[in-house]
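Input: a single structure, listed below in structure tokens.
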Amino acid sequence: MNLFLFAELANPNVNIPIILPEIVIAAAGIVVMLFDSFFPGQRRVTGIMSLVGIVLAAVLLFGTWSAGMPASAWNGMIAHDNLRLTFSFVFLLVSAMTILISTIWVETEKVPAGEYHALLLFATFGMLLMASGNDLVIIFLGLETLSIATYVMAGFRKTDLKSNESAMKYFILGSFASAFLLYGMALTYGATGSTNITEIAARVADPNFPALLLVGAAMLIIGFGFKVATVPFHIWTPDVYEGAPSPVTGFMAAGPKAAGFASFIRVFVLGFPLMAGVQASGYLHDSWMAALSVMAILTMTVGNVAAIMQDNIKRMLAYSSIAHAGYAMVGFLGAGAASTVLERDAAIASVAFYMIAYAITNLGAFAIVTLLGQKNDRRTEFEDYNGIGFRSPVLSFTLSLFMLSLLGIPLTAGFIGKVLVFRPALEAQNTLLTIVVVAAVINTAISAYYYLRLIVVMFFRERTSDWVEPRIPAGIAAALVIAVIGVFYLGIFSSSIIERFSQTTQSIGSVSSR
Amino acid sequence: MESVLKTAFPFVVYTVGILLAFQGVLMIVAYTVLAERKVLGWIQGRIGPNRVGPWGVLQPFADLLKFILKEDLVPDKSTKFIYFLAPLVALTCALLPIVVYPFGPSITTVDWSFLPYGLGDGITRLPLTIAQIDVGVLFVLAITSVGVYGIALAGWSSNSKYSLMGGLRSSAQMISYELAMGASVLGVVMLAGTLDLNGIIYAQITSPFRWFIIPQIIGFVVFLIAAFAETNRVPFDLPEAETELVAGFHTEYSALKFALFFMAEYVNMFTVSVMCVVLFLGGWYVPGLGRIFEPGSIPYAAVSHVAFIGKICAFLFLYIWVRGTLPRFRFDQLMNFGWKFLLPVALGNVILTIVVVYFLNR
Amino acid sequence: MEPSLATYLALSGILFTIGAVGVIYKRNAIGMFMCIELMLNAVNLTFIAFSRYYADTTGQLFVFMVMSVAAAEAAVGLGIIISFFRNRISVDVDDASILKN
Amino acid sequence: MNGGGPRSPSYIMDLIAENILTILILLPVVGALAVLGHQIFWKQESQLKWVTFAITLLNFLLSLVLVFDKGAVSASGFHFEKNVPWISAINTNYHVGVDGLSLWLVILTTFIMPIAVISTWHAVEKKATAFYIFLLLLESAMIGVFVSLDLLVFYLFFEASLIPMFFLIGVWGGKDRIYAAVKFFIFTAIGSLLMLVAIIALYFMHADATGVGTFDFVTLLNTLKLGNMTFSASAGAFLFLAFALAFSIKVPLFPFHTWLPDAHTEAPTAGSVILAAVLLKMGTYGLMRFNFTLFPDQAREFAPLFIVLAIIGIVYGALVAMVQPDVKRLVAYSSVAHMGFVILGMFSFTEWGMQGAVYQMLNHGVSTGALFLLVGFIYERRHTRMISDFGGLANVMPIYATIFVITAMSSVGLPFLNGFVGEFLIMVGMWKSTILSVTATANWNYIATMVAGTGVIFAAVYLLWMIQRVFFGKVTNDKNRGLADLSYREIGLMVPLLFLMVFMGVYPRPFLEATHSSVTEIQKRVMQRAGGEIDHAHVPGPSEEKTEAHLEIQQK
Amino acid sequence: MASTILFFLFAGFAIACAVSMVYHKNPLYSAVSLVGVFVALSCIYVTLAAPFIAVVQILIYAGAIMVLVIFVIMLLNLDEDKPLTRLRYLYAVGGGLGLILLVQTMFIFYAVLRAPKDPVDTSQTAGKSLSIGQAMYTEYLLPVEIVGIMLLMAIIGGVILVRRLEPGQLKLVVDSELDKRHEEEEKDDYRIAF
């Protein structure tokens with residue numbers, strides 16, 4: 001009887017190797033934590049340890065990216081498909097860059113970096129689970145792990161009121177949304193009798209309580225919508241982003257958002273698919289597609305319009321991140337509307353690509369914001385960037401590059417990302433989705449205004465007060481180099497990555513059930 | 001009529017059982033109080049109460065009368081509702097675990113068919129436990145953990161700084177030691193393979209050397225220490241430390257409400273003693289008794305029951321003894337001890353047990 | 001006569017509603033936090049009811065996870081509240097207005 | 001070109017000739033890196049202009065290969081074609097090539113660039129590194145626009161050209177540069193983004209029709225020509241308008257023109273020159289290259305609209321130019337009018353009109369570019385451009401006055417100068433056009449031509465009036481008395497432009513011949529109904545020959 | 001019958017406690033009411049054949065989480081909630097949300113009541129601790145492990161947030177505060193200059 005555990009591990013359905021990346025990240029988190037408790041203050045060492053852990057996880061993840069691997073693990077609780085793989089890479093990249101960016105803390109502020117690294121790794125663990133979870137339990141736990149870690153990270157600057165406030169708002173509203181998400185999960189479970197997404201997908205055709213499924217989906221939209229910051233569930237974003245320490249803000253804008261999308265896609269596209277000829281699923285599918293389309297349009301519009309009115313660069317980036325959630329949703333909708341598995345996988349890959357492009361660019365921007373913000377993020381108003389263009393040309397041109405990438409100017413990652421997410425939505429040749437795409441495009445044009453504003457402020461104005469260029473720590477320099485190379489690489493030589501992302505090594509639709 | 005009787009019969013039996021059990025427990029508790037004063041007296045070279053009845057036997061009743069008759073003072077600035085609620089919560093939570101106490105082995109050999117109207121039909125066994133639930137251990141832990149409300153609320157609602165400090169200390173202490181307590185129980189649960197209290201006793205029944213005190217000696221010690229803390233007894237009686245906080249959380253309580261707190265404390269003592277006995281000392285089991293009486297028969301049950309009470313009394317004595325001997329901890333020492341020593345030891349014990357069980361079962 | 005599944009769901013829904021409304025009405029962070037706990041509990045009831053309906057442990061295990069999550073959330077959330085209080089001597093959300101709304 | 005020399009250099013020459021377009025695009029980028037490297041390692045900001053000039057000049061010389069060595073003509077009618085997969089996942093290729101339409105535009109670009117660089121010889125003192133880098137990147141993007149044959153790549157260069165220009169205006173511009181720069185950017189971006197949607201939509205329509213989605217212009221065109229892919233009325237209109245909007249804003253067509261005066265006025269001289277000479281042409285080029293060929297039906301359908309807008313632009317531009325107090329603004333509004341002519345010619349859908357439009361693009365590039373340069377010269381000296389600040393400049397700066405008058409005449413369209421040829425062709429084309437004929441009797445084209453013709457007169461009026469106020473009469477402002485006349489550098493700068501004005505005015509044949517086949521191809525395509533039936537309007541007949549003869553006369 | 005009566009008893013108690021929790025301005029009253037809800041729900045779980053969860057509910061929610069909450073309330077010595085003043089519109093938001101959720105609840109109630117399907121199986125072993133334990137350590141091992149890591153993380157998080165600053169850090173904070181003031185002045189100067 002006590003041999004359950006070991007018998008289970010030897011079970012062919014378990015496939016430990018598949019979740020090795022997650023295990024490695026969690027283990028790295030624990031190791032960092034222990035190390036920090038025995039050798040406190042070794043900020044660089046814990047950073048390097050975390051990076052090593054992340055790289056190791058990436059290598060392992062890459063190792064599992066081959067056709068021979070089984071499509072599921074842990075009795076169907078973990079899905080091993082392109083959705084998981086691609087998004088996992090995004091998360092690992094985001095975390096690695098965040099660690100690099102946070103080296104500013106090592107240099108100037110004496111925050112407990114070891115614990116910060118541990119938390120970051122645990123947050124990464126949560127994100128990985130959100131992408132790989134094929135069961136609502138795993139998704140929920142991943143989401144909560146991620147959220148709890150980010151609540152703490154947002155409040156990491158304990159003596160700073162803004163940071164406290166940010167953490168508190170994030171915590172209250174985050175838990176509020178989690179409750180809705182959970183209610184949605186409960187109703188979905190009730191309607192289908194299962195929490196496994198593959199099984200849910202199978203039973204969507206004939207649910208026990210069709211009405212509950214509808215309500216459950218609505219609740220899930222609220223929960224996930226909060227996590228990815230779509231209108232009208234975005235209200236927390238600007239405040240939280242402004243108040244949280246800049247590296248954390250960068251992380252929140254890139255990582256949790258991508259993770260939210262991973263789960264969102266997993267649950268809706270794979271869990272509530274359209275089944276030909278089945279009325280219940282058709283109704284459900286139509287409903288969520290329509291709801292999300294409206295939300296996507298609102299998200300983009302509100303995000304962009306509000307961003308125009310911001311004077312704080314972190315708030316501006318927060319609203320921009322809302323807008324970007326809207327763009328990513330266009331690809332997501334495309335995945336929902338796809339008629340074949342191939343198209344759907346391509347659409348999902350496009351969202352993953354968009355997220356990776358956005359993450360790199362955004363983290364690059366936040367690296368500079370962090371650097372210029374100096375201690376306690378003091379210089380985050382547009383005014384503070386006045387005329388620094390030719391005083392610190394490297395930083396300003398890099399920041400401009402990121403702005404242009406966020407705007408989606410060709411030859412940058414943002415452009416290819418936009419093209420890729422618009423593609424599946426147009427492919428569906430569905431009036432609603434076409435409207436969404438057109439709205440997205442108009443919004444892109446609107447967004448030009450505020451992205452350019454930063455460039456304008458930096459380059460076209462003259463600085464009246466003196467400007468001391470901050471020294472660039474090695475970590476931030478590395479992050480910037482990665483970001484710049486990434487932006488151009490993804491913008492110009494993206495072919496191989498897109499192929500890699502959309503190449504179907506696993507058939508997502510047929511994750512074996514328990 | 002008959003059907004009404006048949007429906008009502010189980011309720012009647014339950015009610016009677018519950019009343020009996022509660023009465024018994026309360027009596028023992030009442031005399032624990034007396035015993036405490038006596039024993040402390042002896043330890044300190046005094047005689048102890050000896051005026052009310054022979055050797056002071058009626059002292060508990062006299063105390064009770066005094067509590068009932070005294071004037072009930074309610075502080076002016078207190079939060080009334082909660083102020084009244086707190087002692088009730090404390091006592092309720094103390095008494096609730098009684099429903100799962102395994103007072104003795106179930107009686108199976110008696111034929112109940114002599115009862116009129118066929119009331120005895122189908123009854124094959126009379127368990128000496130009010131409610132047999134399969135999560136008994138958890139239930140006790142859960143109810144004990146709720147008990148802290150009584151103290152915390154009392155401390156808060158009195159609107160007095162001493163009470164508040166007492167309440168705060170108490171909640172911190174109970175949360176801290178609950179962990180160690182729970183962890184120390186885990187080893188036993190693992191060995192027994194059940195959370196049912198009777199099940200745990202049955203798991204120890206084969207020989208006295210399977211009493212879990214032997215394989216789980218670490219767990220036993222941890223549990224015992226945590227139990228002292230959980231019941232706010234010396235040396236962990238910080239919530240009511242007289243010399244520091246006047247009387248801690250119940251500074252502002254008097255008369256019957258104070259009596260309720262008082263009673264709750266002693267019932268809690270009884271409860272943890274029961275847990276000690278059940279988890280580590282084989283509960284009602286008397287080695288070799290099965291050879292003398294047939295298991296399931298009334299005498300077997302009676303002797304077992306007496307043994308059970310005896311074991312409990314031994315523990316109660318231990319409590320009193322400790323109170324007479326040891327000084328009080330300082331608060332930070334208490335917390336450090338709980339988190340940095342007791343909890344790791346308890347967890348270590350769990351891990352050790354896992355490893356041993358795994359290798360033994362291979 | 002057993003109460004039907006629908007009754008349990010209705011109770012759960014009502015509690016959830018009360019919790020959700022409470023989150024919005026409450027002005028202090030701890031109150032909001034408690035309302036959220038109430039919402040989680042309402043959801044738990046839904047899970048348990050369905051678990052009973054399907055005679056399936058999944059729901060109960062889910063509830064177990066939710067409880068653990070709630071505990072973790074409580075630890076962190078109360079930490080955040082205390083840390084906020086230290087700097088501001090208030091847990092009133094209205095006072096959290098450095099970040100313009 | 002590659003004939004001379006021993007074998008191994010000839011191999012290199014072949015290689016160059018083969019990849020000439022790529023080289024033209026990349027050379028400025030490499031140059032930009034060189035400038036950056038130069039600045040980093042030598043820190044000699046004053047030498048940067050030499051480096052930049054050398055690169056642009058080299059690029060110009062290389063671009064002449066296009067004229068002299070036609071290279072192999074691909075099946076699709078493009079020279080120097082290069083088709084390399086770029087992002088295979090979305091089937092987009094780096095596909096470049098030139099034909100008659102783009103040939104002169106590319107050369108115009110490379111030709112204008114060295115001039116623009118020289119024009120900044122003393123003007124740009126601050127942040128020169130960035131200035132030259134942006135100029136070079138801009139050149140790269142502009143060439144890319146004209147040669148790319150893949151819609152996505154085209155879009156890429158189209159957008160990419162915005163950034164350097166944005167910076168050029170914003171950093172080195174005048175007082176209201178920020179407003180102008182942002183307006184310029186956002187106007188252009190809005191249009192082009194809709195075009196992006198249309199491009200992606202085309203991809204999927206092609207995928208639907210043939211099973212393979214593509215961004216490749218040639219493939220798309222072939223599919224369309226073969227009738228394998230048709231547009232529904234609404235889809236066609238949407239696509240056409242999405243493309244047309246992007247280009248109309250760039251041109252700029254009448255209601256979208258408001259960014260242009262601001263941008264021109266605020267931009268530094270080099271920026272204005274490039275803006276006028278090349279960037280505006282992207283719009284007209286795009287209309288002709290993509291709108292006409294991909295959506296001929298829609299083009300015909302919407303032609304009246306465009307013609308009306310073009311005419312409004314001509315008249316409006318001229319009228320507004322007349323009242324401008326600022327010379328540069330005046331020239332900017334004249335641009336609106338001139339580009340209106342180009343649009344008019346294009347939408348006449350006659351060979352003459354379209355040839356004229358293409359020719360006029362070049363003319364405008366040369367003349368208006370020159371005008372901006374001239375304005376820049378005086379601005380450098382006086383730091384003002386207000387007409388009222390000047391007067392009698394001809395007494396002080398005779399050479400300058402002469403050159404200015406010649407250039408202005410070219411812009412007005414004086415015979416024997418280039419402007420005349422283009423405008424004349426456009427007018428003839430419009431006159432002949434049948435696109436406005438609702439019925440046989442109601443021929444609006446005559447009226448359109450006549451109204452447009454007034455634009456020419458207005459142009460003469462405002463330019464001459466301005467010249468009169470600025471150059472003739474007495475020197476009214478004392479500050480103008482001590483002005484130096486043009487330096488040798490400035491004269492040297494103007495000489496090639498003047499030469500071209502005259503040359504193109506008297507001997508347009510080589511230019512027109514080079515564009516002829518491509519333009520007629522487009523003209524045929526646009527006047528061809530989807531079913532392959534030739535439109536009644538295009539009847540080869542005596543009238544055509546007559547006009548050709550007429551042309552001959554004009555050329556001589 | 002008995003179970004129905006019990007259910008309505010507990011349900012009524014739960015709802016009353018919940019309402020009281022929202023109604024009371026005093027956080028401690030709210031907390032006590034919430035404990036009432038937990039206890040009532042725990043009893044309902046028992047009637048739903050989930051004794052394990054019922055006990056765990058008391059243990060975790062009432063015994064741990066709420067004790068912590070009450071501890072914090074006592075520690076911070078919170079006073080009564082202020083009424084909504086600045087954010088009066090929240091009444092409307094809350095009312096709207098409540099209405100929507102109530103309608104949804106009724107919808108769920110109605111939909112489930114009307115659903116033709118009967119309970120799949122009524123013989124219950126699902127709630128027994130044995131079956132839950134088995135599931136927890138076989139099928140659901142992964143979630144349990146994740147929960148473990150999450151709790152660990154939560155501990156770290158809580159400690160980070162409430163731990164006092166180290167002296168070095170404190171000095172840094174003071175310095176930065178001084179810097180900030182200095183910079184504010186500088187900024188003002190700059191604004192005037194601009």
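The structure presented is a predicted model; accordingly, all values stated were derived computationally and were not measured. Each chain gets a letter, A, B and so on, in the order its sequence line appears, and its residues count up from 1.
Between the CE atom in M65(C) and the CD1 atom in I146(E) there is a gap of 8.5 Å [rounded to 0.5 Å]. Here the CG-CD1 distance, from N28(C) to I73(E), works out to 7.5 Å after rounding to the nearest 0.5 Å. The distance from the CG atom of L15(C) to the CD1 atom of I15(E) is 6.0 Å, given to the nearest 0.5 Å. Rounded to the nearest 0.5 angstrom, L97(E) CG and Y25(C) OH are separated by 9.5 Å. From E139(E), atom CD reaches atom OG1 of T57(C) across 6.5 Å, with rounding to the nearest 0.5 Å. For the atom pair M21(E) CE and K26(C) NZ, the distance stands at 6.0 Å (nearest 0.5 Å).
With respect to chain C, the highest number of heavy-atom pairs below 4.5 Å among V56(E), I156(E), I160(E), I108(E) belongs to V56(E). In terms of non-hydrogen atom pairs under 4.5 Å with chain E, the most contact-rich of V21(C), L78(C), V76(C) is L78(C). When each of V63(C), L40(C), N44(C) is checked for heavy-atom pairs under 4.5 Å with chain E, N44(C) comes out on top. Contact count versus chain E (heavy atoms, under 4.5 Å) is highest, among L9(C), L5(C), V23(C), I48(C), for I48(C). Contact count against chain C (heavy-atom pairs under 4.5 Å) is highest for A11(E) among A11(E), G96(E), G157(E), G158(E). Among I65(E), V19(E), I100(E), the residue with the largest count of heavy-atom pairs under 4.5 Å with chain C is I65(E).
Using a 4.5 Å heavy-atom threshold, the side chains of V72(E) and F85(C) count as separate.
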In sequence, state the C-alpha distance, the side-chain angles, and the governing distance for L38(C) and L34(E), and then conclude on side-chain contact (heavy atoms from CB on, under 4.5 Å).
-> CA-CA 7 Å; L38(C) 176 62; L34(E) 190 58; 3.9 Å; yes

Under the side-chain contact (heavy atoms from CB on, under 4.5 Å) rule, what do T7(C) and F8(E) come out as? Steps first, then yes or no, please.
-> CA-CA 10 Å; T7(C) 336; F8(E) 281 107; 4.0 Å; yes

Walk me through it: do I14(C) and F109(E) pass the test side-chain contact (heavy atoms from CB on, under 4.5 Å)?
-> CA-CA 11 Å; I14(C) 290 168; F109(E) 180 73; over 6 Å; no

Worked verdict on Q60(C) versus Y45(E) for side-chain contact (heavy atoms from CB on, under 4.5 Å) | CA-CA 10 Å; Q60(C) 298 193 14; Y45(E) 293 164; over 6 Å; no

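Heavy atoms closer than 4.5 Å to chain C are found in the side chain of V37(E), but not in its backbone. The parts of L102(E) that come within reach of chain C are both its backbone and its side chain, each placing non-hydrogen atoms under 4.5 angstrom from that chain. Using a 4.5 Å cut-off between heavy atoms, L11(C) touches chain E through its side chain atoms alone. Using a 4.5 Å cut-off between heavy atoms, V159(E) makes no contact with chain C at all. With a 4.5 Å cut-off on non-hydrogen atoms, M106(E) does not touch chain C at all. L45(C) touches chain E through backbone and side chain together, each having a heavy atom under 4.5 Å away.
In this structure, A10(C) and T105(E) approach most closely via the heavy-atom pair O-CG2, 3.5 Å. Listed here is the closest heavy atom pair of Y61(E) and A70(C): OH-CB, 3.5 Å. Of all non-hydrogen atoms in S68(C) and V147(E), the two that sit nearest each other are CB-CG1, 3.3 Å. When all heavy atoms of V22(E) and C35(C) are compared, the closest pair comes out as CG2-SG, 4.4 Å. For L151(E) against A72(C), the heavy-atom pair with the smallest separation is CD2-CB, 3.9 Å. Contact record, A71(C) with I60(E): CB-CG2, 4.2 Å, taken as the closest heavy-atom pair.
Checked against the 6.0 Å centroid criterion, the rings of Y140(E) and F64(C) do not qualify as a close aromatic pair.
Side-chain atoms of N41(C) and Q57(E) form a donor-acceptor pair, as typed in the model, at a separation below 3.5 Å.
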